[in-house]
Amino acid sequence: MVLAGCEERLSTVHPAGPAADTIATLWWVMLAGAAAIFLLVMVLLVLAFRKGEGPSGDDADKRRETLWIKGLGLGFTMTVLAALTAWGLSIGERLLPRPGPDVVAVGAEGRQWAWRFSYPDLPGRTTENVLHIPARRPVDVRITSADVIHSFWVPRLAGKLDAIPGHVNVLRLEAWEPGEYAGVSAEFSGAGYRTHRFTVVAHDAAAWNAFLTGELP
Amino acid sequence: MTDKPRMTALRLHKALYPIWRNDPGWKGVLTTVNNNTIGNMFIIGATGMFLAGGILAMLIRAQLASPRSAFMGPEIYNQIFTMHGTIMMFLFAIPFFEALTVFLLPGMLGTRDLAFPRLSSYGFWCYMIGSTIMIVALLAGVAPDGGWFMYPPLSSTAFSSGINADIWLLGISFIEISAIGAAIEVVVTVLRYRAVGMSLDKLPIFAWYMLVVAVMILTAFPPMILGSLILELERAFDMPFFQAEHGGDSLLWQHLFWLFGHPEVYIIFLPAAGVISMVLPVMARTTLLGYGWVVAAAISLAVLSFGLWVHHMFTTGIPHMGLAFFSAVSTLVAVPTGVQIFAWIGTLWKGRPEMHLPMLWILGFFVTFVMGGLTGVMVAMVPFDWQAHDSYFIVAHLHYVLIGGYVFPMIAGIYYWLPVLTGRKRFFRMGEVAFWLVMAGFHGTFLLLHWAGLLGMRRRIDVVEAGSGWELINLLASISGFVLAIGFGLVILDVAVNAFVAVRGRRNPWNAGTLEWATPIPGPAYNVASIPVVNSRYPLHDNPDLPVQIARGEGFLGEPVRNRRETLAVSVARGEPEFISVFPNNTIVPFVMAVVTSVMFMAPVFKWYSLMFIAAGGVTVLALVWAWANGSRRDEGLLDAGRGVFLPPHTEVAYPPGWWGSLFLLLADSVLFGSLLFGYAFLWTVAPNWPPPRILQTGIPGPVLALAGAALASGGIRLADRAIRAQGQPWPGLLASLAGLAALVAAAGTVFAGTTYNAHAYDATLWVIAGYVVFHAGIAGLMVLFLLGRIGAGYISSRRFGDARVVRLWIDYAVLAALIGLGGAWLPGVLS
Amino acid sequence: MTDMLRISIPLTVWIAAFSAVYGLQGIICSDLWRTAGLTTGQGRIALIVLGVAAVALQVAMQVLLRRPRFASPLPWVQRVATILAYVALVATLWSFLPVVSTSLCL
């Protein structure tokens with residue numbers, strides 16, 4: 001069993017599955033890019049306070065508009081943002097719950113303040129606040145709500161997806177290793193919101209088979 | 001007035017002052033319609049709300065300082081954070097820039113007051129009364145507790161049975177009257193009430209920003225007002241708009257709320273950007289680089305901001321292509337923001353920046369807002385938002401944007417426009433001390449909270465649990481939070497000391513070029529002694545003597561010969577003089593109407609519906625009294641406007657100010673109606689449990705009544721209009737109009753008759769659509785009766801037919817709404 | 001006021017087209033589309049047609065804005081209107097790119 005340190009139980013930057021890993025990479029790259037842009041802007045700002053005034057007149061202003069507004073304001077920002085948008089969308093595409101032979105489906109129904117999980121492969125079986133999944137296999141969690149809006153979030157495995165009354169949303173999860181992963185509801189739901197938690201237990205192949213045959217309590 | 005020596009500045013002041021001054025004593029507070037007085041009270045009120053919201057923030061930080069420091073249970077804590085968000089967004093941020101605008105705009109534009117002075121007063125009192133109600137609710141322990149975006153079903157009766165949610169829905173809607181009112185004023189003022197020669201390219205940049213913001217308010221607030229209305233209808237009468245089992249959908253609320261909520265962020269940022277665009281060039285002893293580009297950027301930002309509301313809903317299960325549209329626009333909106341940032345830095349490079357206190361705050365803005373903008377681009381990425389959404393990363397991001405992008409520039413603006421600042425001996429350089437406390441406190445509080453969010457700290461949890469890994473970050477945030485609070489406290493103290501104690505400074509200490517510096521501040525009640533003529537964006541740089549010339553009455557309307565409050569209205573594009581607008585005198589009506597309106601909004605909280613209807617009747621009567629007071633019973637012809645120009649009074653133009661105000665009010669109204677139709681289509685396509693079990697049968701009478709009514713109503717008012725101008729009999733046309741409006745009401749009645757209001761979200765929606773039609777036909781009908789009364793009392797003549805044009809506009813709108821709304825209601829029946 | 005319209009129309013057309021495309025995408029992914037007997041593939045074609053029409057409309061406005069009949073008499077307004085028309089064109093292209101690059105109903 002791989003257990004992260006207690007303090008990293010809910011950490012998005014300690015991924016334990018491919019979706020969370022992809023998003024963590026996106027974050028670190030964006031952080032580096034943002035830091036570079038921030039530094040650039042700050043340097044430009046500080047340099048503005050250097051001694052002396054630039055040339056004046058309409059021609060000088062025209063040149064400044066070309067540099068500052070067309071060059072930096074339009075050219076620079078649009079280049080960076082176009083690249084980032086395209087990358088962000090392609091990552092989003094990769095994380096979608098596409099059909100596949102290997103995919104396991106489970107159900108998750110949120111209510112104030114508990115989760116009930118169901119297993120189409122094991123009709124009739126439900127678990128409260130503990131979701132069993134196989135490790136190393138893509139899992140589609142079909143999420144809905146019995147009362148108010150909740151959100152299903154296992155930060156180390158994937159992003160969150162809302163549980164909305166009357167709708168079923170599908171989230172793709174995968175755990176690299178067997179183990180326990182902390183989950184929380186991430187949409188404010190009233191007085192018991194803070195303690196609206198659950199656990200995801202990822203099993204190795206043998207334990208998962210045991211679960212499916214009803215041998216696991 | 002006959003040939004006489006030019007007035008001296010003092011004599012002109014003595015002539016103008018009695019005309020424009022407030023009533024003496026406390027009565028003056030209630031009856032004032034003056035923009036300076038109302039602006040001042042508004043600023044103080046909004047600052048008070050900032051303090052209230054700040055105190056709640058301190059309670060939050062005390063609660064979250066450590067695992068052991070929690071002293072509130074979730075029932076109280078939920079009220080505290082809900083009210084912190086609500087107060088800061090609705091009772092501080094928006095009102096504060098409105099207040100600043102009410103105060104500054106007439107001076108900047110070189111005119112005497114805002115376009116609708118009584119509306120300033122009404123809006124202000126609605127705000128003050130509404131805010132007081134919210135604070136009282138908080139102290140009484142019945143404040144809203146569902147988070148500031150009030151998602152149903154949590155805010156529906158089943159899960160929030162108390163009056164808490166009703167107070168939010170009705171209280172905030174009531175307060176939004178002040179936002180809509182101020183927006184109408186600002187649009188009409190910027191478009192029509194300016195110095196002569198101030199064409200669109202010579203507007204002070206702040207006026208451009210406020211014009212953009214005001215149009216945004218008119219188009220962004222209505223969806224939320226509609227949302228509040230239908231959620232309240234669900235709570236009160238069980239009309240199931242948001243209940244999935246009856247064809248409703250809680251996502252509809254999210255769409256309506258964020259359709260308002262995201263533009264709102266830019267509604268808050270753009271005024272701050274306007275302040276920076278005014279202050280920064282002066283601090284750099286130069287002019288703004290790329291004025292036209294900045295105007296284009298502000299307009300682009302405004303429109304683009306209406307195409308990214310779904311980025312607050314990335315985790316609601318909308319298909320990826322749907323999310324992708326909004327992700328793309330969310331990054332695109334950063335481009336005009338970048339253009340402004342670089343235009344400002346370019347302006348600094350162009351000039352010779354000097355480090356005064358306003359400049360210090362603007363630098364604080366750059367550091368903070370750029371970081372907030374960059375994290376904003378991060379959360380525009382759909383996959384990243386799936387992790388960051390509803391975590392402290394978002395809390396940190398939004399505080400970087402709102403405090404860095406709004407509060408810091410506003411403080412810069414306050415220091416900039418408080419010219420008494422320079423006239424006093426500095427005491428401990430309190431302003432600078434406060435600045436550094438705020439900067440250290442702010443980043444100490446919020447920088448590491450980004451990280452707490454990435455470590456899984458959800459927003460709105462009431463305790464930081466031991467062993468979570470966020471304890472240290474939260475302790476630091478709480479300590480820094482108190483430093484931040486002390487810093488803001490010092491700023492307020494510093495400004496107060498400046499305002500009340502300091503020695504008067506000289507006029508225009510910054511050597512700025514715009515017109516608000518042409519009058520002594522605090523400005524006299526009439527703002528400008530005469531309406532100046534300007535030839536550039538910086539008239540005071542062209543002509544340093546302009547203030548003296550204005551004071552001597554050398555501009556337009558420099559001789560108050562008619563002994564009434566007059567100002568000049570100009571053409572939209574070129575700023576050429578067009579007519580003389582006569583402003584109302586001091587009056588208690590707006591205050592009384594605000595009080596009665598508050599009863600109308602608050603009665604339903606306690607389900608006192610008869611009281612609500614009585615109050616609504618009172619509001620109607622007061623509105624008629626209000627409208628009646630405006631006008632003239634005689635033709636005045638062309639009047640001397642000074643400088644050899646003769647102009648008609650506003651009563652004798654085809655499209656008087658009231659028509660312009662109506663036009664923009666109807667713009668907001670049409671957005672509300674459009675949101676309603678959007679909701680109808682949305683429920684039909686997305687909501688579960690559709691199609692409804694029973695669909696309204698169209699029949700013959702309904703459509704016939706609607707078409708005939710439309711023709712009669714619109715045709716009748718046109719006949720009447722023509723008759724008035726030809727000095728004929730307007731009665732037949734007006735009666736035809738009334739009959740037509742009655743037919744529209746009857747047509748809407750067939751919709752009520754064919755549906756059951758609480759059976760299904762479909763029925764409920766149709767009831768609201770039909771109700772909308774009845775409401776507007778009713779307003780138009782009242783206006784026709786009002787017009788009949790005005791004709792009888794001699795207010796209407798072949799020259800004075802502006803009132804008829806206003807009525808025509810409202811009738812046409814009612815007709816259009818009826819045809820579209822009822823058509824939409826009947827369409828499914830026709831198709832099936 | 002005409003000048004205000006010149007300034008605001010291209011971007012208003014963008015937001016209208018944007019809403020239309022988003023609405024159409026919602027309809028395509030709803031039961032209405034399926035009960036009408038249409039496929040997702042046909043849905044994508046409809047979206048592309050709508051997107052191309054929106055781009056064509058923006059290009060048309062670019063051309064019209066330069067015609068003496070529709071151009072502003074004030075050079076400054078004309079310049080700002082031109083910039084904003086470009087913004088609307090870029091916004092149309094930028095925001096409609098997902099039509100051809102992302103999954104329709106997943």
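Here is how names work: the chains are called A, B, and so on, in the same order as the sequence lines, proteins then strands, and each is numbered from 1. Keep in mind that this is a model prediction, so the values were computed, not measured.
The distance from the CE atom of A:M30 to the OG1 atom of B:T375 is 10.0 Å, given to the nearest 0.5 Å. Summarising the geometry, atom NZ belonging to B:K350 is positioned 13.0 Å from atom CZ belonging to A:R63; distances are rounded to the nearest 0.5 Å. The distance from the CZ atom of A:R50 to the CG atom of B:L348 is 10.0 Å, given to the nearest 0.5 Å. Atoms CD1 and CE, from A:I37 and B:M371 in turn, are 13.0 Å apart once rounded to the nearest 0.5 Å. B:S250 OG to A:I164 CD1: the interatomic distance, rounded to the nearest 0.5 Å, is 5.5 Å. Interatomic distance, CZ of A:F49 versus CZ of B:R352, reported as 12.5 Å (0.5 Å rounding).
If you measure heavy-atom distances from B:Q79 to chain A, you find no contacts under 4.5 Å at all. Of the atoms belonging to A:S189, it is backbone heavy atoms, and not side-chain ones, that fall under 4.5 Å from chain B. Heavy atoms of B:E465 lying under 4.5 Å from chain A belong exclusively to its side chain. Of the two parts of A:E187, the backbone and the side chain both hold a non-hydrogen atom closer than 4.5 Å to a non-hydrogen atom of chain B. Only the side chain of B:M355 comes within contact range of chain A, judged by heavy atoms closer than 4.5 Å. Of the atoms belonging to B:A297, not a single heavy atom falls under 4.5 Å from chain A.
Your options are B:L323, B:I341, B:L454, B:L289, and the one with the most heavy-atom pairs under 4.5 Å with chain A is B:L454. Options B:D385, B:N689, B:L455, B:V377 differ in how many heavy-atom pairs under 4.5 Å they form with chain A, and the most are formed by B:L455. With respect to chain B, the highest number of heavy-atom pairs below 4.5 Å among A:D147, A:V41, A:V80 belongs to A:D147. The residue among B:R460, B:M313, B:M321 with the most heavy atom pairs within less than 4.5 Å of chain A is B:R460. Ranking B:P74, B:A244, B:P353 against chain A, the residue ahead of the rest is B:P353, based on heavy-atom pairs under 4.5 Å. Your options are A:L26, A:V184, A:V170, and the one with the most heavy-atom pairs under 4.5 Å with chain B is A:V184. When each of A:L31, A:V168, A:L161 is checked for heavy-atom pairs under 4.5 Å with chain B, A:L161 comes out on top. In terms of non-hydrogen atom pairs under 4.5 Å with chain A, the most contact-rich of B:D145, B:V294, B:T287, B:L251 is B:L251. No other option in A:A163, A:A35, A:S185, A:A82 has as many heavy-atom pairs under 4.5 Å with chain B as A:S185. Between chain A and the residues B:W470, B:F159, B:F342, the most heavy-atom pairs under 4.5 angstrom are made by B:F342.
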Could you walk me through whether A:H167 and B:V686 satisfy the side chain to side chain contact (heavy atoms under 4.5 Å, CB included) test, starting with their C-alpha distance in whole Å, then the side-chain angles of each, then the deciding distance to 0.1 Å, before giving a yes or no? CA-CA 9 Å; A:H167 292 269; B:V686 175; 3.8 Å; yes

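Taking each heavy atom of A:L84 and B:M381 in turn, the nearest pair found is O-SD, 3.4 Å. Shown here for B:Q387 and A:A20, the closest heavy-atom pair between the two residues is NE2-CB, 3.9 Å. Shortest non-hydrogen contact noted between A:W153 and B:S391 is CH2-CB, 4.4 Å. Contact detail for B:P153 and A:I149: the closest heavy-atom pair is CD-CG1, 3.9 Å. Here the shortest heavy-atom pairing between A:A191 and B:E75 reads CB-OE2, 4.0 Å. Looking at every heavy atom in both residues, B:G317 comes nearest to A:N169 through CA-OD1, 3.5 Å.
Heavy-atom proximity under 4.5 angstrom to chain A picks out B:T331, B:A334, B:V335, B:G338, B:V339 from residues 330-340 of chain B. For residues 66-78 of chain A, the interface with chain B (any heavy-atom pair closer than 4.5 Å) comprises A:W68, A:I69, A:K70, A:L72, A:G73, A:L74, A:F76, A:T77, A:M78, sorted by residue number.
With contacts defined as side-chain heavy-atom distances shorter than 4.5 Å, the pair A:Y193/B:L154 does not qualify. Looking at heavy atoms from C-beta onward, B:Y151 lies out of side-chain contact with A:V148 at the 4.5 angstrom threshold. Proximity of B:R458 to A:L10: side-chain heavy atoms (C-beta onward) are nowhere separated by under 4.5 Å. Two residues are said to be in side-chain contact when any heavy atoms from C-beta on lie closer than 4.5 Å; B:D390 and A:S151 fail this criterion. Contact of the B:F384 side chain with the A:I91 side chain is not registered, since no non-hydrogen atoms from C-beta on lie closer than 4.5 Å.
Each of A:T12, A:L171, A:L95 was scored for a side-chain contact (heavy atoms from CB on, under 4.5 Å) with B:W386, with one residue passing: A:L95.
Within a 6.0 Å sphere centred on CZ of A:R142, heavy atoms belonging to other residues, nucleotides or ligands number 12 at most. In A:D102, the CG atom is crowded: over 12 heavy atoms of neighbouring residues, nucleotides or ligands sit closer than 6.0 Å. Residue-environment remark: CG (A:L96) exceeds the threshold of 12 foreign heavy atoms within 6.0 Å.
Between B:F393 and A:W27, the two ring planes are perpendicular [angle over 60°; tilted spans 30° to 60°].
Side-chain contact annotation: B:T315 with A:D162, donor-acceptor N/O pair under 3.5 Å present.
With B:Y77 as the aromatic partner, A:R194 does not meet the cation-pi criteria of under 6.0 angstrom to the ring centre and within 45 degrees of the ring axis.
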